[in-house]
Number of protein chains: 2
Amino acid sequence: MSLQQAILGFLALRPLTGYDLKKAFDGSVQHFWPADQAQIYRTLNKLDELGLASVELVEQEDKPDRKVYHITENGRSALHTWLSDTLPPTSEREPLLVRIFFSGFVDDETLLPRLAEAMAQEKAYLAAMQAILANAQQQVETLTEPAERRIGFFQLLTVERAILHHQAQIAWLESIITRLENQDLSIETP
Amino acid sequence: MSLQQAILGFLALRPLTGYDLKKAFDGSVQHFWPADQAQIYRTLNKLDELGLASVELVEQEDKPDRKVYHITENGRSALHTWLSDTLPPTSEREPLLVRIFFSGFVDDETLLPRLAEAMAQEKAYLAAMQAILANAQQQVETLTEPAERRIGFFQLLTVERAILHHQAQIAWLESIITRLENQDLSIETP
DNA sequence: ATCCTATATATGATTTGTCATATAATAAAC
DNA sequence: GTTTATTATATGACAAATCATATATAGGAT
């Protein structure tokens, strides 16, 4: 359900086309809410049908015409309602944990390279997030309008969280590797 | 795709019915891979079609007949292949982060109660996970077969991770609340 | 006496998400 | 000169997940 709300969120900042939205997603929320191009276009159709967004057709000569979507008043209030509502019970899906859960079936020689891969992936993510934060931090500080600063703050909070969780994940993976190498299958309560 | 593999994982431990599987999911991997009852039954059909599991019909007098699923040799090797394969690029979906990302649109008075709710939820989860760990830890220690201990170890690792991440999440939420209360919209690189 | 829970499987409808592919023009890269 | 990337939208096919509901019996709770 969140794709609808996320699109409304972006449209609340400025009018965008489906193409723009795909870039906006890939450049910001992609790491916790990846969006498929086809899905974006279909959701935009639906938002239009529901009256939460309206379409403005902008003709172009050399490139395909653009369909610029604007959030409507109904769209704005739908967004606010969603943001003010009580949180639904969280339900996360983490494929890596499913793998780990059943990894007792395979031996260390096959498992350790996979864990090393996961570590490398995590470290790459962490570095990317730290770069994004450093960059965005400066840009947000230049904002003078309080409303804009506030919006920027919350956007950055998600990057901050990503960093925190990647760090925790790296530490966890590292401890697993160490334990396997020491043939020490123990769990200590954190 | 992970539901198929997760079911195979459970069937590799012992033969189970769809009903049993639903309980097994709810009692263990539910927090990172919730499974819908309808989906479990449909996936079992598919595993049967694919020859990865076979059905044994057990008639009962007072209760409905049971369809006990057994993993086949093909099923076992499919499971091992999956567990040995390189990891696909992670793609997580976290609805809470989508909310936070756009929370700059609402004011503190509406937001703070939501954050408090999220905190309460996290703390409840944390307590539940700690209880599960304490309990399961003892049970795993009584296992004498190395293969069983190994399987138990990896299952517990996911609980350990859950605890670690819930702790990180609680600290993060706490810091957000503090910053909002102090009207300090700053981000410090972790 | 009635309601709720547990046991057990099944299906229909719908929503979401994914993958591939189509069209069509320009501009840069090799 | 051919391939690749960028801009822009769209659809068909499919897989996966969610929600509601149906059937049927037994036993405990109110």
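Chain A is the first sequence line, chain B the second, and so forth, proteins listed ahead of strands; every chain is numbered from 1. Worth saying up front: this structure is predicted, and the values here are computed from it rather than measured.
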Colleague: Are the side chains of A:L21 and A:L44 in contact, using a 4.5 Å heavy-atom criterion?
Modeller: yes
Colleague: Measure CD/A:E56 against P/D:dT9 and give the value in whole Å, please.
Modeller: 12 Å
Colleague: By nearest heavy atom, map B:Y69 and A:D36 onto DNA chain C; which one lands nearer the 5' end?
Modeller: B:Y69
Colleague: How close or far is atom C1' of C:dA10 from atom CZ of B:R66, stated in whole angstroms?
Modeller: 17 Å
Colleague: Less than 4.0 angstrom from a charged side-chain N to a carboxylate O is my criterion; do B:E94 and A:R161 meet it?
Modeller: yes
Colleague: Looking at every non-hydrogen atom in both residues, tell me the closest pair between B:R114 and A:T86 and how far apart they are.
Modeller: NH1-CG2, 3.6 Å
Colleague: Ignoring hydrogens, what is the shortest heavy-atom contact between B:T43 and B:Q4? Give both atom names and the distance.
Modeller: CG2-CG, 3.7 Å
Colleague: Look at B:R179 together with A:E160 and state whether they make a salt bridge at an N to O cut-off of under 4.0 Å.
Modeller: yes
Colleague: When the C1' atoms of the five terminal pairs at each end define the local axes, what inter-axis angle does the helix from C:dA1-D:dT30 to C:dC30-D:dG1 show, to 10 degrees?
Modeller: 30°
Colleague: Might you point out which heavy atoms bring B:P88 and A:R99 nearest each other, and give the distance in Å?
Modeller: CD-NH1, 4.5 Å
Colleague: Rounding to a whole Å, what distance do you find between A:D20:CG and D:dT6:P?
Modeller: 15 Å
Colleague: Where along residues 37-51 of chain B does a heavy atom come under 4.0 Å from DNA chain D, residue by residue in number order?
Modeller: B:A38, B:Q39, B:R42, B:K46
Colleague: Should the ring pair B:F105 and A:H80 be called parallel, tilted or perpendicular, given that the plane angle runs from 0 to 90° and is split at 30 and 60?
Modeller: tilted
Colleague: How about A:Q155 and B:I100: do any of their side-chain heavy atoms sit closer than 4.5 Å?
Modeller: no
Colleague: Would you mind telling me which of B:I71, B:L8, B:L79 makes a side-chain contact (heavy atoms from CB on, under 4.5 Å) with B:L52?
Modeller: B:L8
Colleague: Could you check whether any side-chain N or O of A:E56 sits under 3.5 Å from a backbone N or O of A:Y69, counting only pairs where one atom can act as donor and the other as acceptor?
Modeller: no
Colleague: Heavy atoms within less than 4.0 Å of DNA chain C: which residues of residues 26-33 of chain A have one? Give them sorted by number.
Modeller: A:W33
Colleague: OP1 or OP2 of D:dT6 less than 4.0 angstrom from a side-chain nitrogen or oxygen of A:K23, does that happen here?
Modeller: no
Colleague: Provide, to the nearest angstrom, the distance between the CG atom belonging to A:L21 and the P atom belonging to D:dT7.
Modeller: 14 Å
Colleague: Please report the shortest heavy-atom distance between A:F25 and A:W33, naming the atom on each side.
Modeller: CD2-O, 3.7 Å
Colleague: Determine: side-chain N/O of B:K67 to OP1/OP2 of C:dA10, distance under 4.0 Å, yes or no.
Modeller: yes
Colleague: Whole angstroms only, please: what is the CG-C1' distance between B:L3 and D:dA16?
Modeller: 9 Å
Colleague: Can you tell me the distance, in whole Å, between the CG atom of B:D65 and the C1' atom of D:dA26?
Modeller: 15 Å
